[in-house]
Amino acid sequence: MRLIERLHRLLLDVIKSEFDRSGGADLNSVQALLLYDIGDSELTAGELKSRGYYQGSNVSYNLKKLVDMGYIHYKRSETDRRSVRVSLTDKGKAACDVVHNLYERQLGSVEAVGEVSQDDVRDLNHALMRLERFWTDQIRYRL
């Protein structure tokens, strides 16, 4: 379990390093991942939270910062004025592309450099999905 947590922190470090090198040092790695997860969609903070990637206050705080920095634009929902929908600005799309390109580059070299085959990644993904389902059931059914 500690390895999963450590790998997540390392991923955040890799993303931060990429932005430091590419001149986007005003973003932190969580904000960069938020931009990547929004992508071409128009979402609410609740939708991002319900996907299970982020804690509620963390989403709200980072979305506000991203709006202030010009990475996201937002508009009030027509039906529920309390709800705000967010989408990427051109600056946000450029940051999203940095993460996308980083992932593509990593996928291209993980086998040759990291000695992790496509079969290893497929098997790992299956195991992690089963673990996610197990933990979700633990929470949902209070097992």
Side-chain angles (χ1 to χ4, degrees), residues 1-77 80 82-143:
M1 299 308 143
R2 287 184 184 149
L3 182 57
I4 293 170
E5 185 180 353
R6 176 137 176 81
L7 288 171
H8 176 68
R9 283 195 306 268
L10 284 170
L11 172 64
L12 294 176
D13 289 345
V14 167
I15 291 169
K16 181 62 178 157
S17 177
E18 183 73 10
F19 275 91
D20 288 346
R21 280 193 301 272
S22 68
D26 60 330
L27 281 177
N28 67 41
S29 52
V30 171
Q31 292 165 342
L33 278 177
L34 263 170
L35 295 173
Y36 180 78
D37 289 334
I38 293 169
D40 291 330
S41 302
E42 184 178 279
L43 304 168
T44 65
E47 288 168 329
L48 281 167
K49 189 175 84 168
S50 70
R51 291 179 180 189
Y53 302 135
Y54 308 97
Q55 299 295 326
S57 59
N58 192 18
V59 171
S60 299
Y61 172 80
N62 281 307
L63 287 177
K64 182 181 180 332
K65 296 293 281 183
L66 290 166
V67 168
D68 293 344
M69 291 187 294
Y71 287 95
I72 289 179
H73 36 146
Y74 67 98
K75 65 179 181 179
R76 293 255 174 233
S77 170
D80 181 358
R82 296 169 296 168
S83 179
V84 175
R85 300 196 66 75
V86 296
S87 59
L88 301 184
T89 63
D90 288 340
K91 185 177 178 182
K93 289 176 184 174
C96 178
D97 288 344
V98 170
V99 176
H100 175 76
N101 292 336
L102 169 65
Y103 283 171
E104 290 297 316
R105 196 171 69 247
Q106 293 279 312
L107 284 172
S109 64
V110 72
E111 188 165 7
V113 178
E115 298 180 4
V116 179
S117 72
Q118 289 181 5
D119 288 341
D120 291 337
V121 172
R122 187 192 66 244
D123 293 345
L124 178 61
N125 279 333
H126 286 140
L128 290 172
M129 286 188 290
R130 287 191 306 272
L131 183 59
E132 177 185 34
R133 190 173 338 123
F134 171 77
W135 281 342
T136 300
D137 289 349
Q138 294 295 301
I139 295 165
R140 180 177 295 140
Y141 303 116
R142 300 177 190 253
L143 301 175

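Residues that satisfy the side-chain hydrogen bond (donor to acceptor under 3.5 Å, both in side chains) test with Asp20, not counting sequence neighbours, are Lys16. For Tyr103, the ring pair (Phe, Tyr, Trp, His ring centres under 6.0 Å) partners at least two apart in sequence or on another chain are Tyr36.
With salt bridges taken as basic N to acidic carboxylate O contacts below 4.0 Å, one links Asp68 and Lys64. Salt-bridge annotation for Asp119 and Arg122: present, with a side-chain N of the basic residue lying under 4.0 Å from a carboxylate O of the acidic one.
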| Passes side-chain contact (heavy atoms from CB on, under 4.5 Å), Leu63 versus Val84? Steps please. | CA-CA 10 Å; Leu63 287 177; Val84 175; over 6 Å; no
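Counting heavy-atom neighbours within 6.0 Å of Asp40 CG, excluding the residue itself, gives a total of 12 or less. Counting non-hydrogen atoms of neighbouring residues, nucleotides and ligands closer than 6.0 angstrom, the CD atom of Glu132 reaches no more than 12 such neighbours. Gln138 CD: more than 12 foreign heavy atoms inside a 6.0 Å radius.
Atom CG of residue Asn125 and atom CG of residue Asp120 lie 11.0 Å apart, to the nearest 0.5 angstrom.
Side-chain contact annotation: Ser17 with Arg21, donor-acceptor N/O pair under 3.5 Å present. In this model, no donor atom of one side chain and acceptor atom of the other lie less than 3.5 Å apart for Tyr71 and Asp90.
Panel note: side chain Lys91, backbone Met69; a donor-acceptor pair is recorded below 3.5 Å. A distance-only check finds a donor-acceptor pair linking the side chain of Arg85 to the backbone of Glu42 [under 3.5 Å].
With Val86 as the partner, the side chain to side chain contact (heavy atoms under 4.5 Å, CB included) test is satisfied by one option alone out of Thr44, Leu34, Val59, Ile72: Ile72.
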